[in-house]
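The structure appears right after this line, and notes come after that.
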Amino acid sequence: MTLSVASWNVNSIKARLPNVLDWLKAERPDVICLQEIKTVDEAFPAMELEDLGYNVKTVGQKSYNGVALLSRLPIEEVALTALPGDPDDEQARYIEAVISAKSGPVRVACIYLPNGNPAPGPKYDYKLAWMQRLRTRAAELLAFEEPVILAGDYNVIPRDADVHDPAAWEGDALTLPASRDAFSAIKWLGYSDAFEQVDGRAHQYTFWDYQGGAWNKNHGIRIDHLLLSPQAADRLKSVTIDSSVRAKEKASDHVPITGVFDL
DNA sequence: ATGGTTGCAGGGCAA
């Protein structure tokens, strides 16, 4: 059996619902992690997504941020609705659940990592602190020795190969050395970047800014990632970044990334 | 080019 897990920053679920429904009907991923739903839980269009066969779990807030985890397979447990480590953090950026796959439990976290601009400053400090908390949680999860998929908008450009023009992004919070170091520190725990694992040399992007005709000029960056525990990485078959949805009317500035696993 | 785009909310902030 295969398990497909997608991640997509939709930049408002209300503004994006027709696009999201169209894509889910066509692609039918088993699990999809949505970021920037930009709504409270009560206003999330759960029924429309349940009608497509998904179990729906959300961690929303008013106006900003917000994540949702949707699964066609049973959700055994919602393990966390916030990233541990800072009880004063009120931003809705994390949900972690255990999915009942045919092969057994698979843990999926939906991550909306802080943007961090402008850097330096308090927003960048919050980003780096959040990444340290994520590293701590990621380390805990490895102890389960089970398939773990950390899916989301990391707001980190890992390598120069992941940006159309590194000079154009120099000094940005998405590509500063401290951001890249914090991202690779999670990988060094034992996680694999799914895209790099299957297609490491390719230049593919997951985000094109609305401004300046970035899409038409292919001025993109790769910031949406699937990080895999060894038990998930060993089962990875393919990764697809579906850039075609960026050309649609009322597109999000991000496109979905999907991993397919023998799980 | 001190602009440029989108979404939320209904002004300015966040991205």
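- Looking at A:S71 and A:N55, their side chains never bring a donor and an acceptor atom within 3.5 Å of each other.
- For B:dT6, neither phosphate oxygen OP1 nor OP2 lies less than 4.0 angstrom from any side-chain nitrogen or oxygen of A:K38.
- Residue order along DNA chain B, read from the 5' end via each residue's closest nucleotide, puts A:Q211 first among A:N155 and A:Q211.
- If you take CG of A:N65 and P of B:dA14, they are 10 Å apart, rounded to a whole angstrom.
- The side chain of A:Y210 lies closest to B:dT6 when the candidates are B:dT6, B:dA15, B:dA9.
- When rounded to the nearest whole Å, the span between CH2 of A:W208 and P of B:dT6 equals 16 Å.
- Atom P of B:dC13 sits at a distance of 15 Å from the matching atom of B:dG3, rounded to the whole Å.
- The shortest distance between the side-chain N/O atoms of A:K250 and the OP1/OP2 oxygens of B:dT6 is not below 4.0 Å.
- B:dA9 and B:dA14: their C1' atoms are spaced 13 Å apart (whole Å).
- Between A:H254 atom NE2 and B:dT5 atom C1' there is a gap of 13 Å when expressed in whole angstrom units.
- Comparing A:G116 and A:N11 by the nucleotide of DNA chain B that holds the closest heavy atom to each, the one mapping nearer the 5' end is A:N11.
- Cation-pi geometry between A:R72 and A:Y54 is met: the NZ or CZ atom falls under 6.0 Å from the ring centre, inside 45° of the normal.
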Item to complete: Before giving the answer on salt bridge (Lys or Arg N to Asp or Glu O under 4.0 Å), spell out for A:E196 and A:R222 the whole-Å C-alpha distance, their side-chain angles and the decisive distance to 0.1 Å.
Response: CA-CA 11 Å; A:E196 292 187 30; A:R222 187 173 70 91; 3.0 Å; yes
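- Nucleic acid contact for A:R246: none, since no nucleic acid atom lies under 4.0 Å from a heavy atom of the residue.
- Using a 4.0 Å cut-off, some side-chain N or O of A:R16 falls inside it from OP1 or OP2 of B:dG7.
- Atom name C1', nucleotides B:dG12 and B:dA1: the rounded distance is 23 Å, in whole Å.
- For the pair A:K14 and B:dC8, the criterion of a side-chain N or O lying under 4.0 Å from OP1 or OP2 is not met.
- Residue A:S63 places its side chain closer to B:dA9 than to any other of B:dA15, B:dG7, B:dA9.
- In this entry the distance linking OH of A:Y64 with C1' of B:dG10 reads 12 Å, nearest Å.
- The distance from atom CG of A:N9 to atom C1' of B:dT6 is 12 Å, rounded to the nearest whole Å.
- Rounded to an integer number of Å, the gap from A:N19 CG to B:dT6 P is 13 Å.
- Spacing between B:dG10 and B:dT5 at atom P, rounded to whole Å, works out to 24 Å.
- Just one residue in the list A:M131, A:K123, A:R93 forms a side chain to side chain contact (heavy atoms under 4.5 Å, CB included) with A:P114, and that residue is A:R93.
- With rounding to whole Å, A:L113 atom CG is found 17 Å from B:dA14 atom P.
- In this structure, the CD atom of A:E36 is 18 Å from the P atom of B:dC13, given to the nearest Å.
- Rounded to the nearest 0.5 angstrom, A:L113 CG and A:W130 CH2 are separated by 5.0 Å.
- If you check every strand for non-hydrogen atoms under 4.0 Å, A:F207 touches nothing.
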Practice prompt. Run the numbers on A:R133 and A:D89 for salt bridge (Lys or Arg N to Asp or Glu O under 4.0 Å), then give the verdict.
Written response: CA-CA 11 Å; A:R133 289 161 58 200; A:D89 184 0; 2.9 Å; yes
